[in-house]
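This report refers to the structure that appears directly beneath it.
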Amino acid sequence: MITRRFVIALALAAVAWPAAARAQAGAAPDAHQSLTVGTATAHRGEKATGVIHVPAGSDPALDIPVVVVNGAKPGPVLALVAGLHGTEYASIIALEQLIGRLDPARLSGSVIVVPLVNVPSFEQIVPHVNPYDHKSMNGSYPGKADGTQTDRASYAMTKEVVDQCDYLIDLHGGDIDENLRPYSYLVTTGRADVDRVSREMVLAFGIDHIILADDWPKDPAASRYLHNTALTRGKPSIAVEAGHSGTVEPDDVALLVRGCEQVMRYLHILPGTARSIAHPVWIEKVLTVSGEQPGIFYPLVARGTYVASGMRVGYVTDFVGRTLQEVRAPAAGVVMFIRAVPSVWKGASLLDLGVVKEDSQP
Ligand SMILES: [Zn+2]
């Protein structure tokens with residue numbers, strides 16, 4: 001999932017609408033007769049595979065796999081990214097499926113698919129962070145060329161993927177220790193044109209619980225998160241989450257695959273009409289309850305449960321069975337995720353509670 005801990009940046013973004021979108025709107029020549037991302041170059045009507053090479057620095061080099069699907073007809077460029085957290089498996093497998101489903105002959109526009117950014121996390125089964133530098137790979141954007149591997153990978157993703165796309169979807173899910181119900185993020189920027197399209201993208205994606213936020217960093221030089229890096233560069237973008245506790249459930253994978261294809265219909269990259277969700281549950285804030293000390297967590301509710309304020313949703317004991325902490329809902333709302341494993345340390349996330357927006361109209 002995406003852990004939101006940051007200092008609010010107040011600088012206003014002064015960014016240009018992407019050249020590709022301008023070309024699409026007018027009669028400008030086809031900007032993407034060929035599209036190159038990393039070592040993958042696809043001409044119109046082709047699908048190409050390659051890697052985004054992150055050079056070695058103070059720690060090893062990294063090759064991030066990438067697929068470029070360049071549609072037979074011109075249109076916008078959509079980037080689909082998963083595996084910033086390499087053990088959020090359902091989101092990674094969803095993009096693996098989508099690679100096989102994308103037929104360039106049917107596309108008007110292009111899709112850049114990056115199914116697994118954090119390859120070391122995936123290979124070593126290390127949740128949340130890159131094992132080389134212990135940084136979240138969704139926390140250092142836009143990155144830098146001379147930092148640790150996460151910084152350098154973020155820099156390469158910004159240059160190769162964010163800068164070349166018009167729209168972006170960042171796919172996540174519950175990590176190994178997160179029993180998570182599916183939800184999306186709609187982050188508003190204050191730019192009406194960008195916010196309108198992001199909103200239509202999240203409705204087209206179709207997950208029925210949507211977290212609203214307007215306080216993410218506005219400075220393109222300190223965007224922190226991948227999809228916020230696109231937003232601060234004027235590119236409508238969303239983040240979505242499905243999957244839980246290290247599983248690859250068909251329902252979660254299908255939700256993500258279908259959602260990406262719905263957004264592709266909304267953007268007219270795929271033929272057909274997007275059927276947007278009409279009445280989502282809008283979540284106006286998320287309250288986190290954390291572990292107060294090391295111990296063993298016992299959940300008492302399932303993900304997705306609607307709970308009353310003060311309801312007991314779990315408890316923590318020491319290693320000889322004495323209760324250390326009662327975990328109660330800090331407000332009325334929905335359990336967005338609850339801890340999926342017994343291990344607890346001071347500061348470990350036990351519960352994310354979503355508070356539903358009263359009128360449910362953003
Ligand atoms: Zn994640």
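Both ligands and their constituent atoms are indexed starting at 1 by order of listing. Just so it is clear, the values below take in all heavy atoms, side chains as well, and ignore hydrogens, waters and symmetry mates.
- Aromatic ring centres of Y89 and F122: separated by under 6.0 Å.
- Among the atoms of H85, an N, O or S atom is found under 2.8 Å from the Zn ion (ligand 1).
- Looking at every heavy atom in both residues, V253 comes nearest to A94 through CG1-CA, 3.8 Å.
- Atom CZ of residue R181 and atom NE2 of residue H209 lie 4.0 Å apart, to the nearest 0.5 angstrom.
- Nearest N, O or S atom of H172 to the Zn ion (ligand 1): atom ND1.
- In this structure, the separation between OG1 on T87 and CD1 on I92 is 7.5 Å, given to the nearest 0.5 Å.
- Metal site remark for the Zn ion (ligand 1): E88 contributes an N, O or S atom at a distance under 2.8 Å.
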